[in-house]
Protein chains: 2
Amino acid sequence: MTEILDISDASAKSQFVLYWGDMGGQWGVNRSVAQIHALLFLSVSPLNAEQISSELGIARSNVSNSLKELVGWKLIRRIPVPGDRREHFGAETDVWEMAMRIAQGRKEREIDPAISAISDCLEKAETEPEIHPEVLKRMQEMQAFLTTVDTWYGQMLNVPKSKLNLLMKMGNKVISLLTLTGKKSE
Amino acid sequence: MTEILDISDASAKSQFVLYWGDMGGQWGVNRSVAQIHALLFLSVSPLNAEQISSELGIARSNVSNSLKELVGWKLIRRIPVPGDRREHFGAETDVWEMAMRIAQGRKEREIDPAISAISDCLEKAETEPEIHPEVLKRMQEMQAFLTTVDTWYGQMLNVPKSKLNLLMKMGNKVISLLTLTGKKSE
DNA sequence: TAAAGAGTTCTGTAATTACAGAAATTACTA
DNA sequence: TAGTAATTTCTGTAATTACAGAACTCTTTA
């Protein structure tokens with residue numbers, strides 16, 4: 001019924017959706033996608049596209065595309081509702097799981113392509129006799145760094161959430177623990 | 001002299017600049033900014049705005065704004081060149097340091113505002129007697145999660161690079177080390 | 001197998017963002 | 001302190017991206 005979220009009834013829930021929506025910009029997803037994600041994250045039961053469309057006041061086609069993107073990130077999934085032929089969607093509600101999915105996506109979209117791009121450059125650089133050694137060195141350091149991060153990312157993504165949680169809660173205590181054995185360098 | 005990077009002379013260096021430039025899109029900075037950053041990262045000596053402008057074929061004004069943004073991220077800094085009144089710029093070349101600066105910026109731009117936005121929502125939610133308890137719970141979990149990550153981030157940003165490096169290189173070995181004492185949950 | 005429902009893809013427009021070039025400002029120099 | 005070099009800010013345009021609504025396709029039901 002409501003075509004657009006009414007400001008006067010701005011419940012905590014709709015405020016969350018609105019906030020999340022425009023934070024999406026910072027995070028690299030558009031407002032529609034972020035709003036839909038927020039809405040589904042706070043929905044107790046799965047919603048169909050029509051419900052999302054009317055609840056948020058965004059076009060049906062836009063909802064369709066946005067849902068596809070969110071499915072691509074594995075942040076939501078189709079949830080069949082018995083006796084209803086329309087597709088319903090529900091969000092992953094475990095925040096750690098959510099974060100891991102986003103991390104996975106970012107690794108694939110940001111880190112992996114960077115590594116392969118730099119590999120190309122390095123390959124080329126090594127055939128250039130006139131290249132300044134410092135330039136070569138910097139490229140190599142960047143490559144080494146990205147590879148380390150990539151590997152680490154990959155490993156962390158396979159650590160059970162509970163342990164990750166523990167690890168983070170410990171924070172920098174882990175460092176002291178590590179360096180009990182090691183020497184006090186840097 | 002060259003107004004624009006010549007494809008035929010696409011050295012490894014300029015290829016790097018080009019790649020880095022359009023990867024910038026993924027990372028949330030525009031092409032100009034990313035290209036300038038790459039150019040400075042690979043420059044052995046600091047460059048002035050005019051050099052950057054002609055080397056990359058982008059407008060002087062654009063260079064000026066982009067430099068300001070990069071300075072804001074602390075990825076480059078002014079480097080005075082004796083006997084030259086023009087401002088010269090040089091990039092941070094330590095890749096770990098670079099990553100920490102970016103992480104710092106992202107924390108400030110992505111995580112911190114998210115936490116404060118959700119705080120607002122939670123505050124409001126707690127005044128709503130009719131709110132679904134599950135909705136409240138999900139908001140709280142999100143808030144708790146972001147706070148944990150934020151704290152962890154803040155701590156990691158103060159860990160010396162060498163130790164961070166060690167930590168990452170160890171990767172998931174850290175987990176086993178941690179859980180030697182702990183119970184086998186999850 | 002027609003009709004209606006649900007979902008997707010296409011097409012044009014609105015909004016945003018990136019950018020060049022001009023104008024204005026600031027900092028030197030003589 | 002006039003003149004010039006260097007830099008920044010302003011203004012309009014180009015390019016990109018987000019989006020609505022229409023057209024289309026596929027699926028189900030009668």
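Chain letters run A, B, ... following the sequence lines, proteins first and then strands; every chain starts at 1.
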Check: Is the shortest heavy-atom distance from the side chain of A/T93 to the side chain of B/R138 under 4.5 Å?
Finding: yes

Notebook entry, point to check: What is the distance from CG of B/D22 to P of D/dT16, rounded to the nearest Å?
Noted result: 12 Å

Margin query: Over 60° means perpendicular and under 30° means parallel, so tell me whether A/H37 and A/F41 are parallel, tilted or perpendicular.
Written below: tilted

Next item on the list: Taking only the side-chain nitrogens and oxygens of B/R31, find out if one of them lies under 4.0 Å from OP1 or OP2 of C/dC19.
Entry: yes

Notebook entry, point to check: In Å, rounded to the nearest 0.5 Å, how long is the span from CG of A/L164 to CD1 of B/I175?
Noted result: 6.0 Å

Notebook entry, point to check: Which residue, A/V29, A/I76, A/N65, forms the side-chain contact (heavy atoms from CB on, under 4.5 Å) with A/L70?
Noted result: A/I76

Check: Does B/R109 make a cation-pi contact with A/W27, if we ask for NZ or CZ under 6.0 Å from the ring centre and within 45° of the axis?
Finding: no

Notebook entry, point to check: Does A/R106 CZ have over 12 foreign heavy atoms under 6.0 Å away?
Noted result: yes

Note to self: Please report the distance, rounded to the nearest Å, between CG in B/L56 and P in C/dC19.
What the structure shows: 11 Å

Note to self: I need the CD1-P distance between A/I58 and C/dT8, as an integer number of Å.
What the structure shows: 14 Å

Note to self: Could you tell me how far apart B/I36 (CD1) and C/dA20 (C1') are, to the nearest whole angstrom?
What the structure shows: 14 Å

Which atoms of nucleotides 2-9 of chain D (N or O only) lie under 3.5 Å from a protein N or O atom, and what are those distances?
{"residue": "D/dA5", "atom": "N3", "partner": "B/R85", "partner atom": "NH2", "Å": "3.1"}
{"residue": "D/dT7", "atom": "OP1", "partner": "B/E87", "partner atom": "N", "Å": "2.4"}
{"residue": "D/dT7", "atom": "OP2", "partner": "B/R60", "partner atom": "NH2", "Å": "3.4"}
{"residue": "D/dT8", "atom": "OP2", "partner": "B/S64", "partner atom": "OG", "Å": "2.8"}
{"residue": "D/dT9", "atom": "OP2", "partner": "B/K68", "partner atom": "NZ", "Å": "2.5"}

